[in-house]
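Computed from heavy atoms alone, side chains included, the values below leave out hydrogens, waters and symmetry copies. Proteins come first, then strands; the chains are lettered A, B, ... in the order of their sequence lines, and each starts at number 1.
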Amino acid sequence: MVKKHGRRVDVLAKITGKAQYTNDMSFPHMLYASTVRCPNPHAKIISIEREQAEQYPGVVMVITADNIPGIPSQYKQKPILVPEVVRYEGEGVALVVAKSKVIAAEAAKLVKVIYDELPAVTSAEAALGKNAQKIYDDGNLLCKYKAGKGNVEEGFKKADHIFEKEYRTQRVDHTPLETEAAIAVPTTEGMTVYAPTNDAYKARLLIAETLGLRENQVRFITPAIGGSFGAKNYDAGVIGARSALAAMLTGKPVKMVFTREESMIEGTKRHPYICKYKVGVTKAGRITAMEIDLIGDGGAYLSKSHPVATRTLIEASGPYNIDNVKSKVTLAFTNNTYSDAMRGFGSPQVDFASEVLLDEIACELGFDPLEFKKMNHIKENDISGVGQVMTDVSLGKCVAEAEKASNWKERKAELASERNKGGSKVKGIGFALIHRGEAFGAAGQGIDTAEVQLLVNNDGGITILSSMADVGMGGHTMMVNVIMETLGVKRERVVMAPVDTSYVPNSGPSSATRGTMVIGNAARLAAEEVKDKLAAIAADVLGVLKEELVFKNEQIYSPGKADEHVNYQDMINEIFARGQTPSGRGWYTVSGLDWDRANGFGEAYLSYAYGAAVTEVEVDLETGQVSVDKFIAVHDVGHAFDKSEVIGQINGGVSMAVGMALFEDVDSKIGHIKNTNFDKYLIPTSLDMPEMNSIVVEVPTKTGPFGARGLGEPTACTAAPAIINAIYDATGIRIRELPANLETMMEELKNSRNKTDLN
Amino acid sequence: MFKYDYLRPASVKEACELLALHGDSAKVIAGGTDLMVQIRDEDKKWANIKYIIDIGHLKEMKYIKEDGDSICIGALSSHTDIVKSKILQKYAPFFCEASSTVGSPQIRNMGTIGGSIGNASPASDPVPPLIALDAEVKVVGTSGERTVLLKSIFANSYKTTLKVDEIITEISFKKMPTEAKSVFLKLGRRKALAISRMNVGVIVVVDSMGFVSDVRIAPGCIFAVPDRVKIAEDVLLGKVPTRELLVEAGKKVSEEMINRTGIRPSTEFKKPAIESLTTRALSQALEVE
Ligand SMILES: Cc1cc2nc3c(=O)[nH]c(=O)nc-3n(C[C@H](O)[C@H](O)[C@H](O)COP(=O)(O)OP(=O)(O)OC[C@H]3O[C@@H](n4cnc5c(N)ncnc54)[C@H](O)[C@@H]3O)c2cc1C
């Protein structure tokens, strides 16, 4: 069922260098703004002295929170400029607007801010402890949720073995190639802002709130985007609002572009998590109960921590059949950079924990980890850890593909016998399995909506109007494919309109892997409306029922009577001739989920994506170096609109997760980030990538357009646990805290040698 | 942001004169892969900088040639020049290997061997092989030219003994005897574009009777200034190499590290890592399992 539809929508502009990114653009009389940042993780602003900066040649204006005509932020959200209390190091307290970028940056150093330093709380555990320094008047608790089913106490009684384990994940940066950037241009109506973002409408709202304008007085345009991975959500609103504020106060266009260091220091990050598990298992290898305690670091502000917390809570028990589950999640405010969406939206943290956990249990009880997971994973109509009846479950198929491609049993035995021969480099194989709720799910009902419009011209050309951001994932190409497949028209007919909030409707954010599922469905519904209008006329002309018509290869006909067809173009001409319009509108909303929020029970998501992975690693026992040699990634996409897009997504997701597994770690123990550029914050290079074998499974869902499932985030979920499990297979050492860098590996290798020496 | 003027002398002599004229406020730039990064970071070391003197175009310092039983390398030779040099591949293959691990292709095209020495980073990759080769450098200043041991150029980490008006123009060393074996090993945090966490260059010569007649062990990243480790070399010199001796030599290197730099938080990692890297390099060179 894999089809090839040709080019990505944005490919020509990008490979010829014609694509315009925000930093490529400029306007007459444009000024530049630079942010004055607080050097302490927690401090009260006593005074801000602007004079020296104002007198610096070329400086136009110094701006502080007092100058904001609207509001600096909603309660507990990150302020555009801090009015009183700075809650993490690097937050913006003032702006310097100048004639050049260099002048703005230099003069920013001359703004003298007097602070009253407050004690900083830099870990979730510390923040939740008794007598912890309060970050907000009502304390440091960001949110607390619980979920589960059955009775874990009863479940533990039925178990023969009880396991208690703890896992920790680190703070990770999104590192898109393009840093945060914005240009604001004042207009007679209000303000136009150009900036890369995942969510144009949300960024516009933030800007309108800052400027004290109505939303429709702000026009938000998204130029080409140089990657996001979740980084360009709230952060895009912040830089957009800062430039807009400066533009409003100076009456001139204002540009801001963050350096990599600024992006590292101020930008959102992945939530670090501590995951504590207690599991009961029978001799036969059935899991009878699982109790989970998750603690997450939300950083200084709210952002999307609530939905991230809910997702981790729902997915923490893994894709397994467990009668008794009890889980809770607690997120704390800390004096760290605020945490937000990052590819996976919480899933990678709990997938790492639960997939390593089950591997550990299997190994300790003498089961093959893959067999053990096969035995326990949910099948069609099984009940999830939060009580949802699971349908369109393709885990069996994913596991089978992974098992076949890796030749799991034989390969595992082969590597074991290779290891027996000795040597300082050893190889091992690891497995991981995932399920992942699509879109925001029950917790996001009411906001998980999308509108898409199709403008159909006299010549049959179709323009898609949607605010969907193509952050590199090929979302626009997906929409074009949905329209083509629904209307049976040629690729050349369909064009994507630029994302401009003055013209395109709100399709919601490109996050939580909701693009294909939610926005794709809105696009499908819009195309269905066009189809319906054309079908009514075609039925009339052909003298058949409109319900039976097929749209294919630019023709419309009744099945079995393909020779008696009408052409798409003729029907377009006809509909206009009749004084009607073929244009259509689609609205999709995730609703009707029966979810008990207080108890965390019921229908959590409309649908799920599934995946499995097998990886082979080589560990250098003498230096601690880990090399990921091979990676088999199996993902059920429901329906592949474009296979090369799917494989590109998988490779990209795996590379991010290799970074999370082995290198990446924002070094910020005392609230001060030390690795602020790519010389010290290491991400994988192409040479660190394993040999990839990406396998596309297509088991359609009832919900996605053409049965498609989302893919962007699941791809980043399997690699960390699979790699850590493979390291165990190779060495017998179990890494429970990411990343498995040189130091961690050497320490664990030493510990395990000491242990064997004692025995 | 540091502000400075850019000067472009027409010869080495003129460059030295400019250095003499501007003293501490001037600095030469070759490939700029270290200097530009440090200036952008506003490294305190360059707080006084007023002039950048570009020597990158001075072709007279870009060569690799044989001179009797020596090899001479112009200081402006890029890492790529070194990797590709047939002469070096023949007489100092581990030096080519080390240079091939520097950064990325772009960095290797821009970065020069003179810059690697001038930067004096303890984590340099091409320097340990040169130390193992007992390389010498030719230094030119306004008062003339001198040739000194490369080792003596390093004063401390990121500090050289060069006088303000001096420029390194050439690096030279004696050709390794044909029976010599050399190995360079590097431990980075990832497979490419990684600054060494640890590295080592070794040369060994085994005589016809199977005894080690020459051995040089030059580890990187563990001393403030690069050096050979005599106490480790002595373990092997005059002996028939065995696995035990190689392990012993590795231990001596870490002992020397602790002697010179004391115990630090990183020692826990560095000690076993440099021991195994050294032992591994020696065992590859000596083909001892
Ligand atoms: C991304 C990146 C990755 C890197 N990876 C590695 C790596 O893996 N391994 C490694 O060893 N290095 C690495 N480096 C460091 C760097 O590339 C080398 O040290 C390089 O060879 C420096 O040479 P250059 O010509 O660019 O020096 P420059 O930056 O021009 O100069 C460096 C210093 O030496 C002085 N200097 C230059 N030439 C002379 C001369 N002829 N006489 C006297 N003084 C001189 C300069 O004044 C300056 O102080 C990396 C650098 C970057 C930016």
Side-chain angles (χ1 to χ4, degrees), chain A residues 34 100-110 259-261 421-425 618 620-629 655 658-659 661-665 675-690 739-751 753-754, chain B residues 1-4 33-34 36-38 40-43 100-101 103-107 121 123 185-200 219 221 243 246-247 250-251 253-254 264-284 288-289:
Chain A
S34 186
S100 82
K101 196 168 134 183
V102 171
I103 295 173
E106 283 302 293
K109 292 180 200 155
L110 302 176
T259 61
R260 180 62 58 185
E261 286 84 354
K421 290 187 203 135
S424 58
K425 293 185 181 175
E618 184 185 78
D620 188 329
L621 297 171
E622 293 177 348
T623 63
Q625 253 170 336
V626 177
S627 165
V628 185
D629 292 342
S655 89
V658 166
L662 300 182
F663 321 114
E664 293 183 46
D665 191 4
N675 43 356
T676 56
N677 208 329
F678 290 137
D679 55 343
K680 300 224 172 63
Y681 187 85
L682 298 190
I683 60 174
T685 66
S686 52
L687 290 186
D688 297 295
M689 274 298 279
N741 60 19
L742 291 178
E743 286 79 2
T744 305
M745 287 298 299
M746 279 299 258
E747 194 184 326
E748 292 297 330
L749 286 165
K750 191 177 102 190
N751 292 345
R753 268 194 298 269
N754 289 348
Chain B
M1 200 182 72
F2 294 163
K3 286 191 192 140
Y4 47 85
T33 61
D34 279 321
M36 293 316 292
V37 177
Q38 292 159 7
R40 180 182 174 276
D41 282 350
E42 301 186 9
D43 190 325
S100 79
T101 70
S104 58
Q106 297 92 323
I107 297 294
S121 159
L185 289 181
K186 164 171 177 171
L187 173 60
R189 291 189 178 279
R190 59 183 174 195
K191 291 182 188 166
L193 204 55
I195 298 293
S196 278
R197 193 73 182 88
M198 203 80 66
N199 61 26
V200 67
C221 310
R243 175 83 200 160
L246 306 194
V247 170
K251 289 220 159 70
V253 171
S254 74
R264 302 177 181 194
S266 60
T267 308
E268 178 141 13
F269 166 74
K270 284 189 163 183
K271 186 178 173 302
I274 193 63
E275 287 172 6
S276 2
L277 213 62
T278 306
T279 305
R280 186 175 286 175
L282 288 167
S283 71
Q284 280 181 21
V288 172
E289 278 294 298

Checklist line | Heavy-atom pair with the smallest gap, counting every atom of Ala192(B) and Leu687(A) | finding: CB-CD1, 3.6 Å
Check: Is chain B contacted by the side chain of Val658(A), its backbone, both, or neither, given a heavy-atom distance below 4.5 Å?
Finding: neither
Item checked: Toward chain B, the part of Ser686(A) with a non-hydrogen atom under 4.5 Å -> neither
Notebook entry, point to check: Can you name the residues that form a side chain to side chain contact (heavy atoms under 4.5 Å, CB included) with Ile103(A), not counting sequence neighbours?
Noted result: Tyr56(A), Val59(A), Ala98(A), Ser100(A)
Check: Counting heavy-atom pairs under 4.5 Å to chain B, which of Ile683(A), Leu749(A), Asp679(A) comes out on top?
Finding: Ile683(A)
Check: Of the backbone (N, CA, C, O) and the side chain (C-beta and beyond), which part of Glu743(A) lies under 4.5 Å from a heavy atom of chain B, both, or neither?
Finding: both
Item checked: Thr676(A) versus chain B, the contacting section by heavy-atom distance below 4.5 Å -> neither
Next item on the list: Compare every heavy atom of Ala273(B) with every heavy atom of Met746(A), then report the nearest pair and how far apart it is.
Entry: CE-N, 3.6 Å
Checklist line | Structural part of Leu277(B) lying under 4.5 Å from a heavy atom of chain A | finding: side chain
Check: To the nearest 0.5 Å, how far apart are OG1 in Thr623(A) and CG in Leu187(B)?
Finding: 5.0 Å
Next item on the list: Test side-chain contact (heavy atoms from CB on, under 4.5 Å) on Glu261(A) and Arg40(B) and set out the steps.
Entry: CA-CA 12 Å; Glu261(A) 286 84 354; Arg40(B) 180 182 174 276; 2.9 Å; yes
Notebook entry, point to check: Is any side-chain heavy atom of Lys750(A) closer than 4.5 Å to a side-chain heavy atom of Pro272(B)?
Noted result: no
Note to self: Please check if the number of heavy atoms outside Lys101(A) that lie under 6.0 Å from its NZ is greater than 12.
What the structure shows: no
Notebook entry, point to check: Between Ser424(A) and Arg280(B), which heavy-atom pair has the shortest distance, and what is it?
Noted result: OG-NH2, 3.1 Å
Checklist line | Salt bridge Glu106(A)-Lys3(B), side-chain N to carboxylate O under 4.0 Å | finding: no
Item checked: Test side-chain contact (heavy atoms from CB on, under 4.5 Å) applied to Asn741(A) and Arg197(B), step by step -> CA-CA 12 Å; Asn741(A) 60 19; Arg197(B) 193 73 182 88; over 6 Å; no
Note to self: If you count heavy-atom pairs within less than 4.5 Å of chain B, which of Leu682(A), Val626(A), Leu621(A) leads?
What the structure shows: Leu682(A)
Check: Does Lys680(A) NZ have over 12 foreign heavy atoms under 6.0 Å away?
Finding: no
Next item on the list: Go through the atoms of Asp688(A) and report whether side chain, backbone, both or neither lie under 4.5 Å from a heavy atom of chain B.
Entry: both
